[in-house]
Structures are given as structure tokens and as C-alpha cells.
Amino acid sequence: QVQLVESGGGMVQAGGSLRLSCAASGLTFSSYDMGWFRQAPGKEREFVAAIRWSGASTYYADSAKGRFTISRDNAKNTVYLQMNSLKPEDTAVYYCAAAGRNTMVEVTTGYVYWGQGTQVTVSS
């Protein structure tokens with residue numbers, strides 16, 4: 001059974017940092033591209049960042065560029081999202097997801113497994 005378990009969410013003041021982790025089990029982690037999405041109340045789920053199975057390529061939403069960094073450790077079956085300079089508009093539930101290799105990582109339809117999400121709240 002595939003499981004993706006996010007952790008590291010919480011409440012932080014604007015300008016602060018958080019590091020999200022997503023631990024994967026039940027799949028060959030190194031064979032999957034991994035992504036982070038977020039969903040704020042009343043809004044659609046949106047792409048944040050993604051990383052190819054090898055770690056060689058990363059992708060970011062414009063809102064994340066320069067502030068967020070995605071990385072992965074295939075030996076630990078874990079993907080990370082380092083979030084710096086957080087803003088109140090970053091408040092959302094953050095989800096990690098796994099996609100087959102070389103999928104279109106910016107869209108949700110490319111992902112086959114999803115975690116339950118972790119709440120990030122940024123206060124002004």
C-alpha cells in the first residue's frame with residue numbers, strides 16, 4: 001500500500017521559514033517524479049514545486065520561485081520543501097504527490113498518489 005505522509009507544517013509569522021517533508025512508502029520512490037501542491041480555502045489546488053525522479057530537474061510556480069526549494073533524498077524515500085520568506089498568501093494545506101516519470105508535473109492529473117496534506121498558516 002502506497003503512503004505519502006507529510007510533516008513540518010505549522011503556524012509561522014510572515015517572513016519566517018518552514019521545511020516540509022514527505023515520507024513515501026510502498027513504492028519505488030526513485031522511479032517517481034514528486035510534486036508539492038497547495039490548496040487554500042475556497043480555491044483550487046495549485047502547483048507549487050516539483051522534482052524529477054533523479055533530482056536533476058526542478059520546477060516552480062512563479063509564486064514559489066526564489067523563496068521555496070524542493071529537494072529529495074532517494075535513500076530516505078523523502079521529498080522536502082524548504083519555504084523561506086513566507087507570506088500570508090502562502091497559507092494553505094500543502095500536499096505532496098507522486099507521478100510517473102517524465103509527466104507534466106505542473107498539473108494534478110499527472111499524479112497517481114497523494115498525501116493527506118499538512119496545514120501551513122502564515123500570520124501577518
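Note: hydrogens, waters and symmetry copies are ignored here, and every other heavy atom, side chains too, is used.
The two residues A24 and L27 have their closest heavy-atom pair at CB-CD2, 3.6 Å. Scanning both residues, A92 and A40, for their nearest heavy atoms gives CB-N, 3.8 Å.
Within the model, atoms CE of M34 and OH of Y32 stand 10.0 Å from one another, a figure rounded to the nearest 0.5 Å. Distance check, rounded to the nearest 0.5 Å: CG of L18 to CE of M11 gives 11.0 Å. Within the model, atoms CG of N74 and OG of S54 stand 8.5 Å from one another, a figure rounded to the nearest 0.5 Å. With rounding to the nearest 0.5 Å, the separation of CD1 in I51 from OG in S57 is 8.5 Å.
The side chain to side chain donor-acceptor pair (under 3.5 Å) check on Q3 picks up nothing, with sequence neighbours excluded. Contacts of A61 classified as side chain to side chain contact (heavy atoms under 4.5 Å, CB included), with partners at least two apart in sequence or in another chain: F47, S63. Contacts of F68 classified as ring-ring contact (aromatic ring centres under 6.0 Å, His included), with partners at least two apart in sequence or in another chain: none. K43 pairs by the salt bridge (charged side-chain N to carboxylate O under 4.0 Å, His left out) definition with nothing, not counting sequence neighbours.
Think of W53 as one node in a network of Ile, Leu, Val, Met, Phe, Trp and Tyr side chains linked at under 4.5 Å; it has no links at all.
A donor-acceptor contact closer than 3.5 angstrom links the side chains of N84 and S17.
The stretch residues 10-124 participates, sequence neighbours left out, in these disulfide (SG to SG under 2.5 Å) pairs: C22-C96. Sorted by first and then second residue, the salt bridge (charged side-chain N to carboxylate O under 4.0 Å, His left out) pairs involving residues 11-37 (not counting sequence neighbours) are D33-R52. Screening residues 38-80 for disulfide (SG to SG under 2.5 Å) gives no qualifying pairs among residues at least two apart or on separate chains. Applying the salt bridge (charged side-chain N to carboxylate O under 4.0 Å, His left out) test to pairs two or more places apart or on separate chains, those with a residue in residues 79-91 are R38-D90, R67-D90. For the ring pair (Phe, Tyr, Trp, His ring centres under 6.0 Å) condition, no pair includes a residue of residues 74-96, sequence neighbours left out. The salt bridge (charged side-chain N to carboxylate O under 4.0 Å, His left out) contacts involving residues 115-124 comprise nothing, where partners must be two or more places apart or lie in separate chains.
In this structure, the side chains of W36 and V79 come closer than 4.5 Å at one or more pairs of heavy atoms. The shortest distance between side-chain heavy atoms of L81 and V48 falls below 4.5 Å. For the pair F29 and T78, the minimum side-chain heavy-atom distance is 4.5 Å or more. In this structure, the side chains of E6 and L20 stay at 4.5 Å or more apart for every pair of heavy atoms.
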List, one per line, each side-chain donor-acceptor pair under 3.5 Å for residues 104-116, sequence neighbours excluded.
from: Y111; atom 1: OH; to: V105; atom 2: O; distance (Å): 2.7

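Here the side chain of T103 pairs no donor or acceptor atom with the backbone of G100 at under 3.5 angstrom. Panel note: side chain T118, backbone G9; a donor-acceptor pair is recorded below 3.5 Å.
At a threshold of 4.5 Å between side-chain heavy atoms, the hydrophobic network of Ile, Leu, Val, Met, Phe, Trp and Tyr places Y59 and F37 in one connected group.
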Does the side chain to side chain contact (heavy atoms under 4.5 Å, CB included) test come out yes or no for I70 and R72, once each step is laid out? CA-CA 7 Å; I70 189 171; R72 66 188 296 160; over 6 Å; no
So Q119 and T91, side chain to side chain contact (heavy atoms under 4.5 Å, CB included) or not? Walk me through it. CA-CA 8 Å; Q119 176 71 45; T91 295; 4.0 Å; yes
